[in-house]
Amino acid sequence: MTSLFLHADINNCYASIFRIFKPELNGVPLVVLSNNDGSIIARSQEAKDLGIQMGQPFFEAKPIIDKYQVRVYSSNYPLFHDMSTRFHRTLGTFSLHQEIYSIDEGFLDLGNFYQTNLQQYGADIKRTVWKWLGLPICVGIAPTKTLAKLANRIAKKSKKAQGVLVLNQPAHITAALKITDVGDVWGIGRQYATKLRNFGVLTAWDLANVNDAFAKKHLTIVGLRIVKELRGEACADLEIEPPAKKGICTRRSFGQPVMSLDLLQEAVATYMTRSAFKLRKQKSRCSQLSVFVETNPFNPNQAQYNNCKTIQLPVPTNSTLELVSYALTALKAIYREGYKYKKAGVLLDDISPATAMQGNIFDTIDRGKHLDLMQTLDLLSSKMGSGLVKVAKEGMEKSWKMRQDYSTPCYTTRLEDILVVR
DNA sequence: TCTGGGGTCCTAGGACCC
DNA sequence: TCTGGGGTCCTAGGACCC
């Protein structure tokens, strides 16, 4: 007996989260902006209905936003993350076999629940999340993860489904595949969709019926797995334990263009501090780092310059002090005067567990001391909030920091904000 | 004036070795 | 007179996800 997968996700996630704390937003169009307030990354249903596009630049959508008095909010990741944690915890009460797939999506492995009333079961989950958190979700249940995602998509659109769709009968699966555009299949993006349409593969049903060699040739073995999953052959299990990250990246656009090396150094030191913290959090070290800078590619009248510098470290490390020092060296190597920089970032690579420590006889750093210092730093950050203690290079003013003109309180995670709400 | 950030996996092609 | 073949490792680039 094969098993069944359940996929649940929050409808219009970020917009729905704001509505919990601002009930007056119910029924009115609202959008959430990307970091730096640059583009639109989430929309309520009303905003979608007005034709506002996902990823659309904010300034471009401004006329519609003004005309229809669409409410606008900057991203609030502490709030989103906290509500996401509660959502996944709630889902987890329904099954021990749970995958936290993304901030607003999760899978459960239902094993052999074929005897259960699955429609009822999905509806129970939906009702519980609504009751406990005030978040609207939809649920899809099917023999593979790909089909469960597809079922969920239909559940979102179909009035009849009422937010829960079970696909476990071959006839129902076929019908669902036939009404799904090939570009809406999980794993088929813009490029692949265009390619497939040129071959006359228009729906998920068409895709399920291509031959294996065709799938592998044009979509790689990843695409072949998608095809098999559409046919009901499970190729992917739940990822219950999230694997350690293989690369850790922190990059940001600046609120306004930056020209001086001093300010770029502040930004790079700040991003590296953040990356190093993430690295220690997953108990890893890295032995390669890269720093990159970019000008604004959307401004054709402006001189363009992009560059990236990668450094191999003599000994794997997770010390902020060491990593920041290397990062600033890398930055100096690629910095050129006279450009208006719009973005910078750091990437940690070549990651290994922090337990395996191989020495280097030329090592001149007292790693014991660094370790103690980093542990103290992380403890202080977790108790007092990050940013209280910092590396001097990070700077205090941060005139380059991203723009957030429409910010909201961290209702659930910041003491001052919680007190205000009460 | 204004266009996000953080990841994953796969493949092709070059370097290098025997 | 007239240039092999096979294996491995690494990297850049391209596709995808939310």
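We name chains A, B, ... by the order of the sequence lines, and we start the count at 1 in each one. Everything numeric here is computed off the predicted structure, so don't read it as measured data.
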Select base, sugar-phosphate, or nothing to describe what [X] touches, counting heavy atoms under 4.0 Å on all strands.
X: N296(A); value: sugar-phosphate
X: T250(A); value: sugar-phosphate
X: K195(A); value: nothing
X: G345(A); value: nothing
X: L219(A); value: nothing
X: F298(A); value: base
X: I248(A); value: sugar-phosphate

C1' atoms of dG4(C) and dC16(B), separation to the nearest Å: 16 Å
Quick one: [X] [atom1] to [N] [atom2], roughly how many Å, whole number?
X: W186(A); N: dC18(C); atom1: CH2; atom2: P; result: 8 Å
X: R190(A); N: dG14(C); atom1: CZ; atom2: C1'; result: 15 Å
X: K217(A); N: dA12(B); atom1: NZ; atom2: P; result: 12 Å
X: Q256(A); N: dC2(B); atom1: CD; atom2: C1'; result: 13 Å
X: K149(A); N: dC17(C); atom1: NZ; atom2: C1'; result: 8 Å
X: Q191(A); N: dG13(C); atom1: CD; atom2: P; result: 16 Å
X: L279(A); N: dG7(B); atom1: CG; atom2: P; result: 11 Å
X: L347(A); N: dG5(B); atom1: CG; atom2: P; result: 15 Å

Just compare [options] and give me whichever is closest to any side-chain atom of [X].
X: R403(A); options: dG7(B), dG5(B), dC2(B); value: dC2(B)
X: P57(A); options: dT3(B), dT8(B), dC18(C); value: dT3(B)
X: Y192(A); options: dC18(C), dT8(B), dC16(C); value: dC16(C)
X: I221(A); options: dG6(B), dC10(B), dC2(B); value: dC10(B)
X: T220(A); options: dC10(B), dC18(C), dC16(C); value: dC10(B)
X: Y77(A); options: dC18(C), dG4(B), dC2(B); value: dG4(B)
X: S39(A); options: dT3(B), dC10(B), dT8(B); value: dT3(B)

From Y406(A), F18(A), F58(A), residue fulfilling ring-ring contact (aromatic ring centres under 6.0 Å, His included) relative to Y73(A): F18(A)
For [N], does either OP1 or OP2 sit under 4.0 Å from a side-chain N or O belonging to [X]?
X: K342(A); N: dT3(B); result: yes
X: S253(A); N: dG5(B); result: yes
X: K62(A); N: dT3(B); result: no
X: R225(A); N: dC16(C); result: no
X: K343(A); N: dG5(B); result: yes
X: N36(A); N: dC2(B); result: no
X: R251(A); N: dG7(B); result: no

Closest-nucleotide 5' rank along DNA chain B - winner of N35(A) and F59(A): F59(A)
Upstream residue (5' side of DNA chain B) when M54(A) and V222(A) are each assigned their closest nucleotide: M54(A)
[Y] and [X] side chains, donor-acceptor separation under 3.5 Å:
X: T320(A); Y: R280(A); value: yes
X: N36(A); Y: S34(A); value: no
X: N12(A); Y: K48(A); value: yes

Base-pairing assignment for dT8(B) (Watson-Crick or G-U wobble, both under 3.5 Å): dA15(C)
Pairing of R231(A) and D212(A) as salt bridge, 4.0 angstrom limit: yes
Lys/Arg N to Asp/Glu carboxylate O, K145(A) vs E99(A), below 4.0 Å: yes
Residue pair L313(A) / C286(A), side-chain heavy-atom distance below 4.5 Å: yes
